[in-house]
Q: 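What follows is a single structure, and I will ask about it in a moment.
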Amino acid sequence: MSRIRNIAREYWFELLIALMAVAGMLELAVGRNSPGAPATSLWFSVPAVAVLVLPLLASRRFPFAAPTAYWLMAAGLTFVDGLLIPFIGSLGVVGLATAFLLGNLRDQRQAGIGLAIVLGCIVIVVSNIPGQQSASDLIFIPLRFVVAWVAGYALRERAEQAEAAEMRATLAEREREAAEMRATLAEREREAAARIAVAEERARIARELHDIVAHAVSVMVLQVGAVRHNLPQTHEEDRDALGHVELAGRTALAEMRRLLGAMRRDGDGVELEPQPGLDGLDSLVEDVGRTGLPVRLHVDGDPFPLPRAIDLSAYRIVQEGLTNTLKHARASQADVTVRYRPDELEVEVADDGAGAATSDGLGHGLVGMRERVKIYGGVMNAGTAPEGGFILSARLPLDRYQA
């Protein structure tokens with residue numbers, strides 16, 4: 001039953017045409033002796049009706065030719081018997097359906113030609129009816145088929161508008177999906193760049209800490225060696241203990257050099273210069289000033305010796321802040337402030353430009369500075385100032401380094 005229902009839903013038009021054809025044949029058979037019946041015999045009329053509607057069964061394959069063939073054959077049959085077409089009422093329904101099909105054509109040129117064919121053929125059919133034809137018959141009978149054609153044309157216009165709206169919605173959905181994909185890819189690229197920046201900054205910090213720790217351990221090893229050599233021979237146990245300490249220190253230095261060598265990339269050179277600190281800010285400010293960006297240095301509080309790692313990190317933060325200001329902020333001047341507090345050190349870089357970039361193209365920048373501050377347990381803030389410009393501030397705790 002469901003299969004029959006699907007076939008009926010798919011081929012309803014063909015079934016309707018076949019039903020109208022059968023109804024027309026029955027009309028001929030039942031009313032052949034009634035007044036106004038066609039003069040031709042059933043042996044001609046019944047096959048003629050079948051041949052007339054047969055092309056409509058192929059209307060899906062030939063949407064223009066099939067309805068056109070129906071109207072041309074209908075007009076031709078009226079020259080054989082003028083009562084054959086008007087007598088069969090079901091053919092009027094078929095004629096309305098074919099006019100609708102011609103109006104529903106996607107090709108407007110074919111639809112216009114179809115309207116002309118419908119009007120010409122229906123006028124021929126009405127004109128070939130035996131007897132005197134009134135002007136109203138030649139106007140109102142064709143008007144029915146014109147209305148059917150207009151209904152098909154209007155429905156086609158509405159269907160095209162619906163398809164166009166659906167296509168626009170599909171394109172908009174695809175554009176939205178593409179935009180989401182681009183945003184996802186951009187987010188992944190930003191995350192990857194941030195991870196690279198963090199990794200490179202950690203490697204840089206590790207190399208800097210190596211120099212600091214290696215220097216301290218070297219001093220301790222040398223001092224232990226000097227003490228060991230100065231001890232008298234009677235303190236053999238003390239000499240052996242200090243020898244073990246000296247050996248442990250030298251082993252630690254060798255291991256640090258080996259690990260640092262594994263961390264360095266092929267293009268990295270060995271840094272032989274001493275690591276800078278806040279005492280080198282004057283030189284840094286002068287170097288930046290010579291590039292065209294005036295920088296003012298402010299020191300709040302009495303400077304005191306800082307842990308070497310904190311001293312170096314504070315210098316690097318100021319250095320990166322001024323580099324970002326110089327490259328990306330389009331500023332006319334900058335201010336560097338260093339505040340010494342009993343339990344923390346605060347550095348601030350402020351400018352009157354448009355802002356700073358999150359990366360300088362080498363993986364450093366705000367991401368690297370934030371990672372450096374995070375490693376030492378500090379807090380960093382970066383953003384636009386209320387009066388304009390950009391402010392970068394970082395606080396590095398000192399209490400954990402106090403004895």
Side-chain angles (χ1 to χ4, degrees), residues 193-194 196-198 200-209 211-212 268-269 271 273-301 303 306-341 344-376 378-398:
I196 293 173
V198 169
E200 291 189 354
E201 187 66 15
R202 287 179 177 178
R204 184 183 182 188
I205 294 172
R207 292 194 295 269
E208 293 171 349
L209 287 179
D211 295 335
I212 296 172
D268 290 342
E271 296 180 4
E273 296 182 358
Q275 297 289 352
L278 292 181
D279 54 357
L281 285 183
D282 291 330
S283 177
L284 175 63
V285 167
E286 291 178 3
D287 292 340
V288 174
R290 282 194 291 268
T291 63
L293 177 65
V295 181
R296 294 177 295 187
L297 177 61
H298 310 276
V299 178
D300 185 8
L306 298 170
R308 192 70 188 92
I310 296 295
D311 195 18
L312 174 59
S313 294
Y315 177 87
R316 293 299 189 200
I317 292 170
V318 174
Q319 184 183 41
E320 294 289 351
L322 290 177
T323 300
N324 273 345
T325 299
L326 186 64
K327 289 184 177 180
H328 308 288
R330 299 188 299 277
S332 60
Q333 67 176 16
D335 291 272
V336 176
T337 303
V338 180
R339 298 183 179 92
Y340 289 88
R341 301 285 185 263
E344 70 176 12
L345 175 72
E346 181 178 355
V347 293
E348 179 181 285
V349 180
D351 61 62
D352 59 354
T358 58
S359 174
D360 62 3
L362 300 176
H364 303 297
L366 293 181
V367 175
M369 285 186 282
R370 196 179 301 277
E371 182 64 19
R372 182 181 288 272
V373 173
K374 177 182 176 183
I375 287 177
Y376 293 104
V379 178
M380 172 180 160
N381 294 303
T384 305
E387 63 275 8
F390 193 83
I391 296 180
L392 166 69
S393 64
R395 297 199 308 272
L396 299 171
L398 301 176

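Each residue takes its place number in the sequence, starting with 1.
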Q: Compare every heavy atom of Arg308 with every heavy atom of Gly277, then report the nearest pair and how far apart it is.
A: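 Smallest interatomic distance, heavy atoms only, reads CA-NH1, 4.3 Å.
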Q: Under 4.5 Å between any side-chain heavy atoms of Val347 and Ser393, yes or no?
A: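 Side-chain contact under 4.5 Å: no.
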Q: Which atoms form the tightest heavy-atom contact between Asp352 and Ala331, and what is the distance?
A: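 Shortest heavy-atom contact: OD1-CB, 3.3 Å.
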Q: How long is the straight-line distance from CG of Leu281 back to CD of Gln319, given to the nearest 0.5 Å?
A: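 Output value for this atom pair is 10.0 Å.
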Q: Are the side chains of Ile310 and Tyr376 in contact, using a 4.5 Å heavy-atom criterion?
A: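 Heavy-atom side-chain distance check passes, below 4.5 Å.
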Q: Could I get the full list of side chain to side chain contact (heavy atoms under 4.5 Å, CB included) partners for Leu306, not counting sequence neighbours?
A: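 Leu306 satisfies side chain to side chain contact (heavy atoms under 4.5 Å, CB included) with Leu278, Phe304, Asp311, Tyr340, Leu345, Leu398 once adjacent residues are dropped.
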Q: Leu392 and Gly321: which non-hydrogen atoms are nearest, and at how many Å?
A: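 Nearest pair, atom of Leu392 first, then Gly321: CD2-CA, 3.9 Å.
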Q: On a heavy-atom basis, which atom in Ala382 and which in Phe390 lie closest, and how many Å separate them?
A: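 The pair with the smallest heavy-atom distance is CB-CZ, 3.8 Å.
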Q: List in chain and number order the residues that pass salt bridge (Lys or Arg N to Asp or Glu O under 4.0 Å) with Glu286, two or more places apart in sequence or in another chain; answer none if no residue qualifies.
A: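 Glu286 satisfies salt bridge (Lys or Arg N to Asp or Glu O under 4.0 Å) with no residue once adjacent residues are dropped.
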Q: Let me check something: any side-chain donor-acceptor pairs from residues 290-300 under 3.5 Å, sequence neighbours excluded? List them with distances.
A:
unit_1 : atom_1 : unit_2 : atom_2 : d
Arg290 : NH2    : Asp287 : OD1    : 2.2
Thr291 : OG1    : Val288 : O      : 2.4
Arg296 : NE     : Asp335 : OD1    : 2.8
Arg296 : NH2    : Asp335 : OD1    : 3.1
Arg296 : NH2    : Asp335 : OD2    : 3.1
His298 : NE2    : Asp335 : OD1    : 3.0

Q: Check side-chain hydrogen bond (donor to acceptor under 3.5 Å, both in side chains) between Glu371 and all other residues, then give those that pass, not counting sequence neighbours.
A: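 For Glu371, the residues satisfying side-chain hydrogen bond (donor to acceptor under 3.5 Å, both in side chains) (neighbours in sequence not counted) are Arg202.
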Q: Quick one, Leu284 and Tyr315 - any side-chain contact, counting heavy atoms below 4.5 Å?
A: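 Yes. Closest side-chain heavy atoms under 4.5 Å.
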Q: Of all the heavy-atom pairs spanning Ala394 and Val373, show the shortest one and how long it is.
A: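 The pair with the smallest heavy-atom distance is CB-CG2, 3.8 Å.
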Q: Identify the residue among Val318, Val349, Ile317 that makes a side chain to side chain contact (heavy atoms under 4.5 Å, CB included) with Met369.
A: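 Option passing the side chain to side chain contact (heavy atoms under 4.5 Å, CB included) with Met369: Ile317.
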Q: Tell me, do Arg372 and Met380 make a side-chain contact under 4.5 Å, heavy atoms counted?
A: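 They are not in side-chain contact.
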